[in-house]
Amino acid sequence: MANEELTVAVLGPGGIGGLLAALLARAGHRVICLAGEETAKTLTTDGIQVRSGPFGDFTARVEADTVLREPVDACLIAVKHTSLDAALDRVPPTAIGDGLVVPFLNGVEHPAALRARYRPDRVAPAVIRVESTRVAPGVIEHGSPFAEIDLTGEGVERERLHALAHTLDAAGPTTRVLDDETAALWAKMSFLAPFALLTTRHALPLGDVRTQHRDELTALVAETAAVSRASGGPGDPDQAMARYDAFPPQTKSSMQRDAESGRPLELDAIGGALLRAAERHGIDVPVASRVVRELKDGTRG
């Protein structure tokens, strides 16, 4: 897989999926984007335009369709949790063949759901650290100075994981394979949950949250770290706070951007999953419970 041209499907060519689709296509791989009819027409005609500091400004030609009609080497799933069930109708299990199913999804509960639908030994969850936004169909703005991927997958052949990681890394994003799937997913969750919940709750970028609401952020980070440790993930609140402090102050979470645009929030996949894990382990999380409740009630700003 690593030294040959791949056929890769991308379900959801938005901020994440569109960036990865364009980078893979530019690197010489065949990319099939799966989306609604109008978006598919736009991508077929115009390709994907990327504006990026690290990767440059370029347009990549891709194929596009409304449903997967042939086997692929890998299918990258980059839709929101709020539209996941409907979107998966575009990827019939019988069509994907022997390909890997690689979800770039927030939260920690989706691998089990995908393994119930596809071959369990072909589901390879990935974690991506990047700020990338679809500003129009087929137009992607990559705003962060980095794009990093952790690829994992319990039961997936290591050789296939390393080969796909090599392909992704060669296309642009720094990519590594991690052996512990649970730890990888909770490492992302530990960072994402406080960031997403509080930037959305207060309708502020990260810089303002970490100054104006630092006590609340510190408490929520400590709660999330405790749940992560109990779940088999990392749990160093000081390290998490240091990462927040290092981010550009204008950074916004994808949940916050969804709220600003009036789109459904991934509140259940992030906040709900955190509360369910806390309940399973008997951990009290009063700040997380309050913030999730306020966001459910529509309290923002």
Side-chain angles (χ1 to χ4, degrees), residues 12 14-17 19 78-84 87 103-110 127-135 140-144 185-228 233 237 240-279 283 285-301:
I16 301 299
L19 177 64
V79 297
K80 297 283 188 180
H81 265 281
T82 50
S83 60
L84 178 61
F104 289 84
L105 296 170
N106 291 325
V108 294
E109 298 174 338
H110 56 275
V127 169
I128 187 167
R129 290 174 291 276
V130 69
E131 184 180 9
S132 185
T133 305
R134 187 190 87 153
V135 296
I140 308 298
E141 287 188 353
H142 171 211
S144 58
L185 293 174
W186 272 102
K188 171 73 178 289
M189 182 74 150
S190 296
F191 176 82
L192 176 65
F195 170 44
L197 294 174
L198 290 185
T199 55
T200 307
R201 166 63 182 83
H202 295 294
L204 293 171
L206 179 58
D208 289 335
V209 168
R210 70 191 181 207
T211 54
Q212 298 178 29
H213 302 278
R214 192 170 188 87
D215 288 347
E216 186 179 31
L217 175 62
T218 301
L220 185 52
V221 165
E223 291 179 4
T224 306
V227 176
S228 176
M241 291 299 297
R243 288 183 63 198
Y244 291 131
D245 287 337
F247 263 63
Q250 71 275 15
T251 302
K252 294 182 177 182
S253 67
S254 60
M255 184 186 289
Q256 181 184 3
R257 293 186 186 278
D258 287 340
E260 291 172 347
S261 300
R263 294 188 292 265
L265 305 184
E266 291 187 298
L267 185 58
D268 185 66
I270 299 172
L274 176 62
L275 297 185
R276 287 188 288 274
E279 184 176 7
I283 298 173
V285 287
V287 176
S289 298
R290 172 181 55 79
V291 173
V292 170
R293 182 175 62 253
E294 290 170 345
L295 286 171
K296 283 183 178 179
D297 292 341
T299 304
R300 295 171 201 155

_Results of side-chain contact (heavy atoms from CB on, under 4.5 Å) for Asp297 - residues two or more places apart only_ = Arg293, Thr299

*asked:* Can you list everything that forms a side-chain contact (heavy atoms from CB on, under 4.5 Å) with Ser144? Sequence neighbours excluded, please.
replied: Val130, Glu131, His142, Phe146

*Between Ala219 and Val287, which heavy-atom pair has the shortest distance, and what is it?*
CB-CG2, 3.9 Å

*Please report the shortest heavy-atom distance between Val221 and Met241, naming the atom on each side.*
CG2-SD, 3.8 Å

_For the CD atom of Glu266 and the CG atom of Leu192, what is their distance to the nearest 0.5 Å?_
8.0 Å

*If you take all heavy atoms of Gly15 and Ile140, which pair is closest and at what distance?*
O-CG2, 3.7 Å

*Taking only residues two or more places apart in sequence, or in another chain, which ones meet His81 in a side chain to side chain donor-acceptor pair (under 3.5 Å)?*
none

*Determine whether Thr218 and Pro237 make a side-chain contact, defined as any pair of heavy atoms from C-beta on separated by less than 4.5 Å.*
no

*Would you call Leu84 and Leu105 a side-chain contact if the rule is heavy atoms closer than 4.5 Å?*
yes

*With sequence neighbours excluded, tell me which residues meet side-chain contact (heavy atoms from CB on, under 4.5 Å) with Arg243.*
Arg129, Phe191

*asked:* Under the rule for side chain to side chain donor-acceptor pair (under 3.5 Å), what residues qualify as partners of Thr82, not counting sequence neighbours?
replied: none

_Set of residues satisfying salt bridge (Lys or Arg N to Asp or Glu O under 4.0 Å) with respect to Lys188, sequence neighbours excluded_ = none

*Among all residues two or more places apart in sequence or in another chain, which pass the side chain to side chain donor-acceptor pair (under 3.5 Å) test with Glu223?*
none

*With side chains defined as the heavy atoms from C-beta onward, is the minimum distance between Lys80 and Arg263 less than 4.5 Å?*
no

*asked:* Tell me the closest heavy-atom pair linking Met189 and Val108, and the distance in Å.
replied: CB-CG1, 4.0 Å

*Between Val292 and Leu267, what is the shortest heavy-atom contact and its length?*
O-CD2, 3.9 Å

*Qualifying ring pair (Phe, Tyr, Trp, His ring centres under 6.0 Å) pairs, either residue in residues 248-269, two or more places apart*: none

*With sequence neighbours excluded, what pairs up with Ser228 under the side chain to side chain donor-acceptor pair (under 3.5 Å) test?*
Ser190

*So do His213 and Leu220 actually touch side chain to side chain, heavy atoms under 4.5 Å?*
no

Under 3.5 Å donor-acceptor pairs involving side-chain atoms of residues 195-209, not counting sequence neighbours:
residue	atom	partner	partner atom	Å
Thr199	OG1	Phe195	O	2.7
Thr199	OG1	Ala196	O	3.3
Thr199	OG1	Ser253	OG	2.7
Thr200	OG1	Ala196	O	2.7
Thr200	OG1	Gln256	N	3.2
Arg201	NE	Glu294	OE1	2.6
Arg201	NH1	Gly301	O	3.0
His202	NE2	Glu216	OE1	2.6

*Any side-chain heavy-atom pair from Thr211 and Pro249 closer than 4.5 angstrom?*
no

_Non-neighbouring partners of Asp268 that pass side-chain contact (heavy atoms from CB on, under 4.5 Å), sequence neighbours left out_ = Arg276

